[in-house]
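The basis for the numbers below is simple: all heavy atoms, side chains too, and nothing from hydrogens, waters or symmetry mates. Order of the sequence lines sets the chain letters (A, B, ...), proteins ahead of strands, with each chain counted from 1.
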Amino acid sequence: MKKLPPKLVGLALAALALMPAAGNAADKKLEVFSWWTSGGEAAALDALFKDYKAKDPGVEIINATVAGGGGSAARPVLQARLAGGNPPDTWQTHPGFELLDQYVAAGYAEPVTDIYTSEGWNKVIPQGLIDMLSQEGKAYSVLCGVHRGNVLWYNKKLLEKNGVKVGDKMTFDEFFAAADKLKAAGVTPLAVGDTGIWASAQLFENTLLGVVGAQGWKDLFSGKMSFDDPKVKEAATLYGKLLKYQNSDHSALSWDQAVKAVEEGKCAFTSMGDWTVGEFVKGGFKPNEDFGWVSHPGTDGSFIIVADGFTLAKGAPHKEETIAWLKSIGSKQSQEDFNPLKGSIPDRTDVDKSKFGPYHQWSMASFAKDALLPSCVHGEAAPAAFQQSLNDAITSFVADQNVDRFVSALVQAAKDSGIKK
Amino acid sequence: MDQQELVPTGYRLPELIKMKTGTPIEKALSGGHVLEAGARTQKTGKRRFNQAWLSPIILTPTMIAIIIFVYVFIGITVWVSLSKWGTLRMNMDLRDPFGFTYLQMFAMPRWHANLRNVLIFTVLFLTLSMSLGLVLALLIDRKLVGHTILRNIFLFPYALSFIVTGIAWRWIFNPETGINLLFDGLGINHLITSLGGPPLKPGWTTDPAVLFSINDWLGNIFPAVKGMSVQLGIPLAMIPVIVAAAWQLSGFSMAMYLAGLSTIPTDLREAARIDGATEIQIYRKVILPLLQPVTVSTAIILGHVSLKIFDLIFAMTGSGPGFATDVPGIFVFDMTFKATRYNLGAAASVVMLILVSLVIVPYLWSNLRRR
């Protein structure tokens, strides 16, 4: 083979290198990465797309979803893309540690403070929430909706039949009294579905908050309070007591199958975030008639946030479109379209409440006045390493119910992941 | 499928004697002696040149790919396992003290449970699937009625993906909706309760109990065991998983044994019969010893499958109650992608590699020495 002249080779390489750049300039695109593929979630995401397209019609949206509950399958894909220098323009993430400790600290996300200023969001979004997605005064994510994690759901007709009354709030003593009554009547009091162990971790998280309170929660995850505090032990003991009231097949069910057990009247209560509403509605159950809700025992006045938001990737291939997208999803219009479908509430307080059902109006009232706290189970309050260790500790605890071992595992995890030195 | 397809044809007695050392599967892979004999006649002139240069040229790209994608990557994994890369941000600096990640890992109760589970799973799964495979092969070899159809039926599960098997068996062993309903439906529970016993309702994959725990006994020899939170024994929830895995792969070991059986000439059985051996003696003294190489091959193939098992357990039970069905494969996945502790995930991968090597390397070594 004859040698090619070096100049020609150089030219060819240069042309190759320029090709993707040239392609970008010609057509307008936006790649959105999320794990919203199931019914209501996909519809909600579609509503965001529709609103964005109405404002920016020429853009082709690449919907890069990866199926799998809670993003367990999506995150490995995202991590590989970020590490490989091939980021999507914007990706779904929870605020708090997941955003700041993983993506911002590794330099994968750009600040979006300017958008907050230009759109006047600082006035309509609670400051506590903006703090959760900010580092050194710079915001790094735009939220589209907020879920409440600490809700106890119940089958209203089943409770009425068994003479159990639930008020505006509930204490642990009231819960256990009700549970004993139900158990005596042959009803399983508590439904748990922990094929994904996070569902059990959520039950513990809610119970922990019920014992330590809002301030204790902040102190625990900022390292001011240790995990071998007597209050954490008390929470673990209470949680162990709760386990005695749960369904025996919990480890064979998923969280939504546990909700189904409540719907069918096999179980009375389930402690779960408010994505549960969608399951009830899908089953044709009516709020305040067939099913009811109350803050998880002891957690009235606190709102555990499980928020969904999107980022601006550093080196985003389509930066302009991404900024327009972020402005669109944070707008009043999009939040009113997105949230009823997703089953969450808007993160801004100036929306039309009449578009939402009775549960979400209750949740919005709580959002406006209660202490807003990050969720540990959903990666907001602590690093991913701690989140995993908590899940592991819960897996062991559900089997052996050894409080001391459980607490020492948490202390070790807090040390390993840098929460508590 | 005809039985002939399972083994290379043309084996005679001399090959059979060699089979005590070489297994039928190796023969099948190398194409047997037929190819060697054909090649020998072509060694002249230009062809000799081709023989000398063609194979290195053809092999080079593959070799380069293997060196990069297998050995270099093994090296990188080992390095990561020793590094500080414990968050999403890459950090390849070596961790101080050296190998601290391994120390951390071997102090984790979850990892203790992993090692226990993978050992129990491997031993019980090999025993069950191979003995079942042997029994099926011996029965089919007797040419009972419908043996062709049965052979295919037994082999079919092998064609399924582990994910499908896992999900189907998860439903079967669901304590509320699975085979427990059979105990009610068949009146077994009615019988037991009428005799005054509690109804039979095993928790299957949801039961965190561990049978035959040897912690106390072992604690007398190694005092460190006494402080372990993990019970060393047979996790009850593992049994359904072993049943599912054996269901899927006993057909495979049956095929292996059938291949072995078909190479045993009828002359040998007849000779034994003439010498007055009973049927049982023929199996014990003639057939089973001749099948020994098949047993070794099957054990190694299934052994490395079971040490690396991930998909079946991930789909069927996940980590299980109290890590009763957790295995290193799931540990690697959780630590690497969920906890973003890349060094910990890599350390577990390295230990998995060592476990598999313990099975494969002696086998390869003995094969190489023989050639």
Side-chain angles (χ1 to χ4, degrees), chain A residues 70-80 82-83 98 101-108 194-198 200 247-254 257 261 266 379 383-402 404-406 408-409 412-413 416-418, chain B residues 85-91 101 104 107-113 170-171 173-178 180 201-210 227-231 235 237 240 314-326 331 333-345:
Chain A
S72 53
R75 281 198 198 96
V77 177
L78 177 63
Q79 286 163 21
L82 293 175
E98 185 181 315
D101 190 54
Q102 296 199 29
Y103 303 124
V104 174
Y108 292 136
D194 61 358
T195 43
I197 193 66
W198 64 268
S200 267
N247 47 324
S248 60
D249 60 341
H250 61 93
S251 59
L253 301 183
S254 54
Q257 287 169 319
K266 285 185 198 155
F386 183 85
Q387 188 189 347
Q388 181 65 43
S389 302
L390 172 70
N391 284 345
D392 287 359
I394 296 279
T395 305
S396 298
F397 185 76
V398 172
D400 68 10
Q401 304 189 8
N402 184 326
D404 291 329
R405 209 176 267 158
F406 177 69
S408 71
Q412 182 65 36
D416 286 348
S417 61
Chain B
W85 192 8
T87 60
L88 200 57
R89 181 181 226 158
M90 193 167 171
N91 183 349
T101 309
Q104 268 184 325
M108 287 172 84
R110 180 174 177 182
W111 182 247
H112 300 158
R170 182 174 83 199
W171 291 334
F173 280 111
N174 182 309
E176 296 294 324
T177 56
N180 282 3
K201 200 183 169 191
W204 301 117
T205 54
T206 63
D207 195 333
V210 175
M228 271 172 74
S229 63
V230 170
Q231 294 290 309
F314 194 76
M316 191 169 164
T317 55
S319 292
F323 298 119
T325 61
D326 201 41
F331 182 89
F333 179 78
D334 276 359
M335 290 309 158
T336 312
F337 296 114
K338 287 197 189 154
T340 63
R341 295 171 79 172
Y342 288 86
N343 47 11
L344 191 57

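- Residue A:Phe386 does not touch chain B at all, counting heavy-atom pairs closer than 4.5 Å.
- Within the model, atoms CZ of B:Arg89 and CG of A:Leu82 stand 13.5 Å from one another, a figure rounded to the nearest 0.5 Å.
- Proximity to chain B is absent for every atom of A:Thr195, based on heavy atoms less than 4.5 angstrom apart.
- Across all their heavy atoms, B:Thr205 and A:Ser251 have their closest contact at O-OG, 4.3 Å.
- Here the CG atom belonging to A:Asp400 is positioned 10.5 Å from the CZ atom belonging to B:Phe323, to the nearest 0.5 angstrom.
- Looking at A:Gln388 and B:Met335, their side chains come closer than 4.5 Å, going by heavy atoms from C-beta outward.
- When every heavy atom of A:Ala399 is checked against every heavy atom of B:Pro321, the shortest pair comes out as CB-C, 4.4 Å.
- Going from atom CG of B:Asn174 over to atom CG of A:Leu253 covers 6.5 Å, rounded to the nearest 0.5 Å.
- Contact of B:Thr336 with chain A is made through the backbone alone, with heavy-atom distances under 4.5 Å.
- One distance of note links CD of A:Gln412 with CD of B:Gln104; it measures 7.5 Å at 0.5 Å rounding.
- Only the side chain of B:Arg341 has a heavy atom closer than 4.5 Å to any heavy atom of chain A.
- Once rounded to the nearest 0.5 Å, the distance linking CG of A:Asp392 with CG of B:Asp326 reads 7.5 Å.
- Proximity to chain B involves both the backbone and the side chain of A:Gln102, based on heavy atoms less than 4.5 angstrom apart.
- Heavy-atom distances place no part of B:Phe173 under 4.5 Å from chain A, backbone and side chain included.
- The distance from atom OG1 of B:Thr340 to atom CG of A:Asp101, rounded to the nearest 0.5 Å, is 8.0 Å.
- Closest heavy-atom contact between B:Gly320 and A:Thr395: O-CG2, 3.6 Å.
- With a threshold of 4.5 angstrom between heavy atoms, B:Gln231 does not approach chain A through any atom at all.
- Residue A:Ser389 touches chain B through its side chain alone, counting heavy-atom pairs closer than 4.5 Å.
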How far apart are the C-alpha atoms of A:Gln79 and B:Tyr342, what are their side-chain angles, what is the distance that settles it, and do they pass the side-chain contact (heavy atoms from CB on, under 4.5 Å) test? CA-CA 11 Å; A:Gln79 286 163 21; B:Tyr342 288 86; 2.8 Å; yes
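- Heavy atoms closer than 4.5 Å to chain A are found nowhere in B:Phe331, neither backbone nor side chain.
- Listed options A:Ala83, A:Ala252, A:Pro76 were ranked by heavy-atom pairs under 4.5 angstrom with chain B; first place goes to A:Pro76.
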